[in-house]
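Count residues from 1 along the sequence.
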Amino acid sequence: MTESRTATPERDPESVSRFVEHFAAQLVEAGVPRMPARVFAALLASDTGTLTSAELGEQLRISPAAVSGAVRYLAQVHLVSREREPGSRRERYRVHSDQWYEALTNREAIIKRWEEALREGVSSLGADTPAGRRLAETLDFFEFVERDVAEMMERWRVYRERKYGR
């Protein structure tokens, strides 16, 4: 395990490793590819929320190529960001405290595109056909979920502000 930048109590590296592997396994069960799940869990478990490729490779015992692929995936789904160390070409990968919020918010744009495609499908296939009705129901589902998610995210913002002052 790498040394943190602030004075924090020492943690048992084996306990950290068990958490990382256990949480990663839960993410894999939910559909996240294995290596990105492990990298994400390692970043979450780091006190600073940042690690370099070398630190991730050492902690997880994986190759630089595996780290690179995992980070590429996690950046695409908005769960991590890349940062350059001042005066260095070396990148640090960061997980933010609001990563779940950001990931869900970015999913909203994808759902909007799906809704538009479904509307076109209903129109093209005919609303009275079995396929058109199936697409219309799918569209209704996404619109329903989208409304609830938007309301939930607003409640989260208020809750988070009260609890964490952010």
Can you hop from L44 to V28 via hydrophobic side chains spaced under 4.5 Å?
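Different clusters: L44 never reaches V28 through Ile, Leu, Val, Met, Phe, Trp or Tyr contacts under 4.5 Å.
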
Going by side chain to side chain contact (heavy atoms under 4.5 Å, CB included), name the residues that satisfy it together with [X], two or more places apart in sequence or in a different chain.
| X | answer |
| --- | --- |
| F19 | F23, A45 |
| S124 | none |
| E116 | R119, E120 |
| R84 | R89, E91 |

Ring pair (Phe, Tyr, Trp, His ring centres under 6.0 Å) partners for F144, two or more places apart
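F144: no ring pair (Phe, Tyr, Trp, His ring centres under 6.0 Å) contacts found.
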
Test ring pair (Phe, Tyr, Trp, His ring centres under 6.0 Å) applied to F40 - qualifying residues, sequence neighbours left out
W100

Value rounded to 0.5 Å, distance of [atom1] in [X] from [atom2] in [Y]:
| X | Y | atom1 | atom2 | answer |
| --- | --- | --- | --- | --- |
| L74 | R94 | CG | CZ | 15.0 Å |
| L56 | M35 | CG | CE | 11.5 Å |
| L27 | H22 | CG | NE2 | 10.0 Å |
| L135 | D140 | CG | CG | 11.0 Å |
| E143 | K112 | CD | NZ | 8.0 Å |
| Q76 | R72 | CD | CZ | 7.5 Å |

May I ask you to check whether over 12 heavy atoms, not counting those of [X], lie within 6.0 Å of atom [atom1]?
| X | atom1 | result |
| --- | --- | --- |
| D148 | CG | yes |
| E137 | CD | no |
| F142 | CZ | yes |

Pair R92-T50, side-chain donor/acceptor within less than 3.5 Å:
yes

Sequence neighbours left out, what passes side chain to side chain donor-acceptor pair (under 3.5 Å) with [X]? Give chain and number order.
| X | result |
| --- | --- |
| S81 | H96 |
| E154 | R157 |
| R18 | S15 |
| T129 | none |

Please report the C-alpha distance between V158 and E161 in whole Å, then the side-chain angles of each, then the deciding distance to 0.1 Å, and finally whether the side-chain contact (heavy atoms from CB on, under 4.5 Å) criterion is met.
CA-CA 5 Å; V158 170; E161 176 68 31; 5.8 Å; no

Derivation and outcome, side-chain contact (heavy atoms from CB on, under 4.5 Å), residues V32 and L79:
CA-CA 12 Å; V32 177; L79 288 176; 5.9 Å; no

Closest heavy-atom pair and its distance - A24, A41
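Of all heavy-atom pairs spanning A24 and A41, the closest is N-CB, 4.1 Å.
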
Closest non-hydrogen atom pair, V122 against A136
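Nearest heavy atoms, V122 then A136: CG2-N, 3.5 Å.
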
Is there side-chain contact between V80 and V39, with heavy atoms separated by less than 4.5 Å?
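No - every pair of side-chain heavy atoms lies 4.5 Å or more apart.
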
Check: R38 side chain, L60 main-chain N or O, donor-acceptor pair, under 3.5 Å:
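Checking the backbone N and O of L60 against the side chain of R38, a donor-acceptor pair under 3.5 Å is found.
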
If you look only at pairs with a residue in residues 46-93, which of them pass as a ring-ring contact (aromatic ring centres under 6.0 Å, His included), with sequence neighbours excluded?
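Passing the test, one end in residues 46-93: no pairs.
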
Test of understanding: with salt bridge (Lys or Arg N to Asp or Glu O under 4.0 Å), list the residues that count as partners of R134, not counting sequence neighbours.
none

